[in-house]
Amino acid sequence: MSATDRQELQTVRDLVRYGVSRLNGAKVAFGHGSDNAWDEAVYLVLHALHLPLDTLEPFLDARVLPGEREQVLALIDRRVGDRMPAPYLTNEAWLRGRRFYVDNRVIVPRSPIAELLDDSLSPWVSNPETVEYVLDMCTGSGCLAVLSALAFPFAHVDGVDISPSALEVAMHNVEAYNLHDRVSLHAGDLFEKLPPRQYDVIVCNPPYVNAGSMEALPEEYRHEPALALAGGDDGMDLVRRILKDAPAYLKPGGLLVLEIGHERPHFEAAFPNLEPVWLDSSEASDQIVLLTREQLAP
């Protein structure tokens with residue numbers, strides 16, 4: 001776009017329209033906070049202009065200053081040119097109405113487990129106030145650890161991740177929510193570095209993408225750490241280890257809530273004798289399994 005053409009973009013409406021056209025024209029991949037060009041363009045424009053993210057209408061016909069226009073266009077240019085997920089450009093991701101800091105040390109928060117924590121895993125957890133210990137396995141940005149602490153007000157939450165750099169991001173988010181006295185973060189490979197305790201609930205969004213799907217990922221997803229995505233040939237490498245060791249870390253009657261994404265066929269092939277409950281979210285009914293300690297260690 002020439003300098004003269006850029007000057008024709010004078011209002012917020014102009015910038016949003018331009019953003020939608022650029023995103024659609026470039027055929028970018030969505031899935032990191034929005035699933036369409038309109039929502040993503042609106043987000044990028046409002047963020048760059050420091051306007052409330054939920055208040056577009058009053059500002060649509062507001063004129064923008066030249067410097068503001070350049071800030072917006074620079075953000076759109078990077079989104080299209082670098083195929084960078086929008087949250088990495090803005091260093092924030094929104095999950096269930098809550099803001100989390102993110103950068104490319106962690107995958108962008110989007111786990112549907114977060115939706116289930118809105119209701120404190122009801123009806124599977126009958127009384128959230130009696131939950132003492134929660135584990136967020138493969139915590140990444142710490143978003144599920146934070147949401148677990150908010151869902152279970154008297155629980156202590158442990159978050160564990162093999163990536164020390166991911167835990168730096170998680171600590172940022174724990175401190176942002178002032179939960180450092182209730183959320184502890186641990187560097188380690190799954191259960192190996194955890195304190196000797198048993199949990200009422202384990203939530204886990206592990207690396208589960210199978211090898212074929214990893215090879216076909218859009219460029220946007222390749223900006224995320226492969227360590228947090230790749231689950232081996234069938235996606236079940238870490239899941240096998242988690243299900244094997246989890247019973248020792250669950251209380252009697254304790255629950256494991258495990259996200260497996262689009263890997264249900266591989267999960268069922270790997271664990272033909274398990275009969276989990278498949279939990280519904282607004283996105284799907286076959287991406288999250290619930291298993292009790294007794295199912296895992298009869």
Side-chain angles (χ1 to χ4, degrees), residues 29-33 82-96 100-115 117 135-148 157-174 183 185-194 202-243 245-246 256-263 266-267 270 281 283 287-289:
F30 301 104
H32 294 98
D82 297 339
R83 286 297 202 271
M84 187 75 71
Y88 288 163
L89 297 174
T90 63
N91 291 126
E92 67 177 19
W94 292 84
L95 192 61
R96 311 308 297 168
F100 295 94
Y101 173 86
V102 295
D103 58 37
N104 62 5
R105 291 174 288 179
V106 297
I107 62 171
V108 175
R110 54 185 177 273
S111 173
I113 292 175
E115 180 181 336
L117 291 170
L135 171 63
D136 177 21
M137 177 72 67
C138 307
T139 192
S141 65
C143 59
L144 292 183
V146 168
L147 294 176
S148 295
V157 179
D158 287 318
V160 63
D161 203 285
I162 198 171
S163 167
S165 59
L167 291 173
E168 293 172 2
V169 176
M171 180 56 71
H172 183 109
N173 286 315
V174 169
V183 178
L185 299 175
H186 308 272
D189 185 5
L190 300 182
F191 296 97
E192 70 174 9
K193 298 293 186 180
L194 289 174
I202 298 174
V203 297
C204 182
N205 176 19
Y208 55 69
V209 182
N210 70 71
S213 295
M214 282 296 296
E215 292 180 2
L217 283 176
E219 191 172 347
E220 280 83 353
Y221 291 84
R222 297 182 183 278
H223 287 283
E224 297 185 292
L227 181 67
L229 294 173
D233 286 346
D234 65 351
M236 296 294 112
D237 282 6
L238 262 73
V239 174
R240 289 184 177 88
R241 294 173 55 199
I242 292 166
L243 267 57
D245 294 337
L256 170 65
V257 179
L258 178 73
E259 179 180 344
I260 60 161
H262 300 290
E263 304 292 338
H266 286 135
F267 180 88
S281 71
E283 298 178 6
Q287 296 186 3
I288 307 172
V289 299

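As a basis for the values below, the full set of heavy atoms in this structure was taken, side chains included, without hydrogen atoms, waters or symmetry mates.
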(message) Test of understanding: with salt bridge (charged side-chain N to carboxylate O under 4.0 Å, His left out), list the residues that count as partners of Glu220, not counting sequence neighbours.
(response) Arg79, Arg83
(request) Heavy atoms only: give me the nearest Pro206-Ile242 pair and the separation to one decimal. (result) CB-CD1, 4.0 Å
(request) Search all heavy atoms of Pro85 against all heavy atoms of Val108 and return the closest pair with its distance. (result) CB-CG2, 4.4 Å
(message) Let me confirm one number: the OG-CG distance from Ser163 to Asp189, rounded to the nearest 0.5 Å.
(response) 12.0 Å
(message) Treating Glu259 as the side-chain partner and Ile113 as the backbone partner, does any N or O pair qualify as donor plus acceptor under 3.5 Å?
(response) no
(message) So which atom in Asp161 and which in Cys138 form the shortest heavy-atom distance, rounded to 0.1 Å?
(response) OD2-C, 3.5 Å
(message) Side chains of Ser281 and Gln287, heavy atoms from C-beta outward: is any pair under 4.5 Å?
(response) no
(request) Please name the pair of heavy atoms, one in Phe30 and one in Tyr221, separated by the smallest distance, quoted to 0.1 Å. (result) O-OH, 3.0 Å
(request) Measure across His223 and Asp82 and return the closest heavy-atom pair with its distance rounded to 0.1 Å. (result) NE2-O, 2.9 Å
(request) Report the C-alpha separation of Met214 and Leu229 in whole Å, then their side-chain angles, then the decisive distance to 0.1 Å, and conclude whether the side-chain contact (heavy atoms from CB on, under 4.5 Å) test is met. (result) CA-CA 8 Å; Met214 282 296 296; Leu229 294 173; 3.9 Å; yes
(message) Rounded at 0.5 Å granularity, tell me how far CG in Leu144 sits from SG in Cys204.
(response) 9.5 Å
(request) Any chance you could measure Leu135, atom CG, to Ser148, atom OG, to the nearest 0.5 Å? (result) 9.0 Å
(message) Distance check, rounded to the nearest 0.5 Å: Thr139 atom OG1 versus Asp158 atom CG?
(response) 10.0 Å
(message) Listing request: all side-chain hydrogen bond (donor to acceptor under 3.5 Å, both in side chains) pairs with a residue in residues 226-239, at least two apart in sequence or in separate chains.
(response) Asp234-Arg240
(request) Carefully, step by step, assess Val106 and Phe100 under the rule side-chain contact (heavy atoms from CB on, under 4.5 Å). (result) CA-CA 11 Å; Val106 297; Phe100 295 94; over 6 Å; no
(request) Using a 4.5 Å cut-off on heavy atoms from C-beta on, say whether the side chain of Phe191 contacts that of Met137. (result) yes
(message) Listing request: all salt bridge (charged side-chain N to carboxylate O under 4.0 Å, His left out) pairs with a residue in residues 208-217, at least two apart in sequence or in separate chains.
(response) none
(message) Can a donor-acceptor pair be found, under 3.5 Å and without considering hydrogens, that links the side chain of Asn104 to the backbone of Glu224?
(response) no
(request) Write down the atom of Pro207, the atom of Leu227, and the distance for their closest heavy-atom approach. (result) CG-O, 3.3 Å
(message) Run the side-chain contact (heavy atoms from CB on, under 4.5 Å) test on Asn205 and Ile107 for me, step by step, so that the C-alpha distance in whole Å, both residues' side-chain angles and the decisive distance to 0.1 Å come before the verdict.
(response) CA-CA 11 Å; Asn205 176 19; Ile107 62 171; 4.2 Å; yes
(request) Without swapping roles, check the side chain of His32 against the backbone of Tyr88 for a donor-acceptor pair under 3.5 Å. (result) no
(message) Is any side-chain heavy atom of Val183 closer than 4.5 Å to one of Val146?
(response) no
(request) Check whether any side-chain heavy atom of Leu194 lies under 4.5 Å from a side-chain heavy atom of His186, and answer yes or no. (result) yes
(message) Would you compute the distance between atom OG of Ser213 and atom NE2 of His262 and round it to the nearest 0.5 angstrom?
(response) 9.0 Å
(request) Kindly compute the distance separating CG (Leu238) from CG (Leu190), expressed to the nearest 0.5 Å. (result) 5.0 Å
(request) Measure from the side-chain N and O atoms of Asn173 to the backbone N and O of Tyr101, and report whether any donor-acceptor pair falls under 3.5 Å. (result) yes
(request) Could you please spell out the steps behind the side-chain contact (heavy atoms from CB on, under 4.5 Å) verdict for Leu243 and Leu258? (result) CA-CA 10 Å; Leu243 267 57; Leu258 178 73; 3.8 Å; yes
